[in-house]
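To start, the structure under review is shown below, and the notes come after it.
Note that ligands are numbered from 1 as they come in the structure, with each ligand's atoms numbered from 1 the same way. No hydrogens, no waters, no symmetry mates; every other heavy atom, side chains included, goes into these values.
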Amino acid sequence: MAAILYTYKNQVYANITNRCDCSCTFCVRSEKDSVGDADTLWHKVEPTLEDIKAAIDAFDFTNFDELVFCGYGEPTCALENLLATAHYVKQKMDIKIRLNTNGLGNLYHKRNIVPELAEVIDNVSISLNAPTAEKYQAVTRPQFENAFPALLDFASLSQKAFAHTQLSIVDVLPADEIAACQKIADDRGIYLKIRKYA
Ligand code: SF4
């Protein structure tokens, strides 16, 4: 059975769905079946809210101060379970909740989901991946044509709604693209996280 909760580098992650509206060229899912202590992160069947709650009840959160929604899929594609799980966790324990997302949730759901997320999620990390729409389309291969501006809108809304919002890129981008991504973040007053490519 695929892990719903898994740990990696002293962090605990919730893998609530394998659905995703992108097909990124660099996605870890195309290279291996798991990350961290999970045997596999591929769900044979999408977990139900009851499955997710049971995994949370069975997990010892003693040494963790944050739960990160970041699975083998885009968490906002399972919005109902994401919100219900975050509410459940907040009722049960005093822990921060972070969402790692591709930032296309508003496009996917055809409405602004940020206010609902902000009720229970503290911090958001949004994968920027590229400095232009053209490059973004090429590297993330989203289901949508207008994904990049939608991502930037989502980031601006998030910046106002969450305690901490960051955009993220990996350090393998050329220096001029990193500088352009930095400008995108700076123009919106958002922190840019430059992750090491693993
Ligand atoms: S958005 Fe995330 S899960 Fe989806 S294809 Fe890209 S890297 Fe993979």
Legend entry - Steps toward side chain to side chain donor-acceptor pair (under 3.5 Å) verdict (Thr7, Asp37): CA-CA 6 Å; Thr7 62; Asp37 67 352; 2.8 Å; yes
Inset, instruction - Over all heavy atoms of both residues, which pair between Ser23 and Arg141 is shortest? Give the atoms and the distance, please. - result: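 Result for this residue pair: O-NE, 2.7 Å.
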Inset, instruction - For the residue pair Asp60 and Thr62, confirm or rule out a side-chain donor-acceptor distance under 3.5 Å. - result: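 Yes, a side-chain donor-acceptor pair sits under 3.5 Å.
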Inset, instruction - Just need the protein heavy atom nearest to atom 2 (Fe) of ligand 1, so name the residue and atom and give the distance. - result: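 Going by distance alone, atom 2 (Fe) of ligand 1 is nearest to Cys20 SG, 4.6 Å.
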Inset, instruction - Considering only non-hydrogen protein atoms, determine which one is nearest to atom 8 (Fe) of ligand 1 and report residue, atom name and distance to 0.1 Å. - result: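 Ranking protein heavy atoms by distance from atom 8 (Fe) of ligand 1, first comes Cys27 SG, 2.3 Å.
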Legend entry - 2.8 Å cut-off met by an N, O or S atom of Cys24 to atom 6 (Fe) of ligand 1: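 An N, O or S atom of Cys24 is closer than 2.8 Å to atom 6 (Fe) of ligand 1, so yes.
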Legend entry - Under-4.0 Å salt bridge between Asp187 and Lys183: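 Salt bridge: yes.
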Legend entry - Close-contact set for ligand 1 against Cys22 heavy atoms, below 4.0 Å: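 Numbered from 1, ligand 1 contributes 1 (S), 5 (S).
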